[in-house]
Amino acid sequence: MSEAQIAFSKFDFDPSLTLDSGQVFRWSALDESRREWIGVVRQNLLRVTKEGAFVVGGSNPDSELIQSYFSFDEDLDSIFSTFPPDEILESAKLQLRGLRLLRQDPWECLISFVCSINCNIPSIRLKIENLSRRFGRKIDTSLDLRANAFPSAESLAKASKRDLLACKLGFRWKYVKFIARKVAAGNLDLERLTSVPYYDAFPELISEVSGKTFGVGPKVADCTLLYSLHKTEAFPIDVWILRCLRKYYGKEIPDNNSESLTPKKYFTVSDSMRRRFGKYAGYAQLYLYVMMRGESNHSM
DNA sequence: TCCCAGGTCCTAC
DNA sequence: GTAGGACCTGGG
């Protein structure tokens with residue numbers, strides 16, 4: 001095994017909770033104990049435990065990249081101390097100690113959540129794996145397994161409908177291709193959004209064709225902003241969070257009995273949660289989401 | 001065989 | 001603005 005790039009001992013970190021939280025789809029547990037995980041981070045293959053990360057394939061990333069990926073620059077207790085008194089969140093914090101928000105590659109994250117549209121988690125993973133195997137660069141590793149980096153925007157922009165369908169993208173193929181072309185052409189600069197405030201970055205991510213949105217709606221945009229660009233004000237609303245809010249924060253949800261989530265309602269609910277939880281609302285979202293999945297025992 | 005899934009688009013009001 | 005249906009496809 002390679003030497004540890006970075007030791008995690010001084011950080012509040014639970015690999016199982018973090019890497020199987022639904023914010024990322026490229027990690028697998030190496031055994032039943034779920035203590036060791038293997039996954040792709042940009043061009044590298046990493047083995048991760050509670051104690052540290054080991055590079056087992058690809059180039060040699062500096063430890064800053066890994067620190068940043070796990071957001072070790074942020075202290076979870078300090079973040080929770082910014083929330084208003086909240087029994088539900090306090091309970092989630094106790095249950096989910098060591099769950100961290102990641103800083104993924106924004107391009108991969110965006111396409112991953114496009115792949116998530118009307119899909120369950122195993123199916124999302126399959127799509128991302130298929131795309132990587134077919135279009136991504138192979139990662140050299142001494143381990144007895146195959147690993148590929150996530151494909152570039154250029155390679156997906158050039159991909160044919162036939163090839164994208166072969167990756168089991170279904171109707172999402174046209175969204176992926178459209179967004180890939182936009183990024184490859186330089187009309188959407190995701191890295192630049194790192195330094196752009198949440199409210200300005202959000203509309204830039206919503207892709208449009210002649211005035212109409214196409215492929216990236218508010219949920220996918222918010223997931224990308226939160227899980228990769230680290231806009232912690234983002235509060236993605238999906239069916240699980242909606243169920244959670246109805247159950248615990250019912251008063252803040254307009255027309256509480258309707259299942260549908262119109263764009264206007266999305267912003268109303270999301271903004272209301274941003275006002276409630278503040279600058280780190282996205283951390284609250286992550287904890288509430290994982291708690292809800294755990295309650296229903298329906299994850300994976 | 002049928003039903004559902006970390007949404008989004010389209011159409012008809 | 002809003003509700004309701006369609007959408008590819010793998011897995012229960």
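By convention in this document, chain letters (A, B, ...) are assigned in the order of the sequence lines, proteins followed by strands, and residues within each chain are numbered from 1. Given the structure is predicted, the values throughout are model-derived calculations rather than measurements.
- Counting non-hydrogen atoms under 4.0 angstrom, A:Ser112 reaches nothing in the nucleic acid.
- Under the 3.5 Å distance criterion, with hydrogens and angles disregarded, a donor-acceptor pair is assigned to the side chains of A:Ser28 and A:Arg125.
- If you check C:dT2, B:dG6, C:dT9 against the side chain of A:Lys264, the one that comes closest is C:dT2.
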Which letter, B, S or -, goes with each nucleotide of nucleotides 8-13 of chain B from 5' to 3', with contact meaning a protein heavy atom under 4.0 Å?
-> SS----

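- Ion pair A:Arg100/A:Asp14 not flagged as a salt bridge, since none of the NZ, NE, NH1 or NH2 atoms sits closer than 4.0 Å to an Asp/Glu carboxylate oxygen.
- In A:Arg134, the CZ atom is crowded: over 12 heavy atoms of neighbouring residues, nucleotides or ligands sit closer than 6.0 Å.
- Nucleotide B:dA5 holds its P atom 12 Å from the CG atom of A:Asp238, rounded to whole Å.
- Taking the centre of each ring, A:Tyr287 and A:Phe83 stay at or above the 6.0 Å mark.
- For B:dG6, the base is stacked against the aromatic ring of A:Tyr289, per a cut-off of 5.5 Å between centres and 30° between planes.
- In this structure A:Tyr266 satisfies the ring-ring contact (aromatic ring centres under 6.0 Å, His included) test with no other residue, sequence neighbours excluded.
- Looking at residues two or more places apart in sequence or on another chain, you find no side-chain hydrogen bond (donor to acceptor under 3.5 Å, both in side chains) involving A:Thr262.
- A:Arg47 is listed as a side-chain neighbour of A:Glu36, based on a closest heavy-atom distance under 4.5 Å.
- Judged by distance alone, with hydrogens and angles left aside, A:Arg172 brings no side-chain donor or acceptor close enough to the base of C:dC7 to form a pair under 3.5 Å.
- Going from the P atom of B:dG6 to that of C:dA3 covers 22 Å, rounded to whole Å.
- No hydrogens or angles considered: nothing links the side chains of A:Lys264 and A:Thr268 as a donor-acceptor pair under 3.5 Å.
- The distance from atom CD1 of A:Ile237 to atom C1' of B:dG7 is 13 Å, rounded to the nearest whole Å.
- Other residues, nucleotides and ligands place more than 12 heavy atoms under 6.0 Å from the NZ atom of A:Lys174.
- Between C:dG1 and A:Thr262, no contact under 4.0 Å exists linking OP1 or OP2 to a side-chain N or O.
- Protein atom CZ of A:Arg125 is 13 Å distant from nucleotide atom P of B:dG6, rounded to whole Å.
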Atom pairs, N/O to N/O, protein against nucleotides 10-12 of chain C, distance under 3.5 Å?
unit_1	atom_1	unit_2	atom_2	d
C:dG10	OP1	A:Lys168	NZ	3.0

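- Evaluated for a side-chain hydrogen bond (donor to acceptor under 3.5 Å, both in side chains) with A:Tyr199, the options A:Arg274, A:Glu233, A:Lys231 yield exactly one hit, A:Arg274.
- On a pure distance criterion of 3.5 Å, a polar donor-acceptor pair joins the side chain of A:Asn118 and the base of C:dC8.
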If you look only at distance, which donor and acceptor atoms sit under 3.5 Å apart when one is on a side chain in residues 63-70 of chain A and the other is two or more places apart or in another chain?
unit_1	atom_1	unit_2	atom_2	d
A:Tyr69	OH	A:Trp27	NE1	3.0

Dot-bracket assigned to DNA chain B with the 3.5 Å Watson-Crick/G-U criterion, [ ] for crossing and | for other-strand pairs, is .||||.|||||||

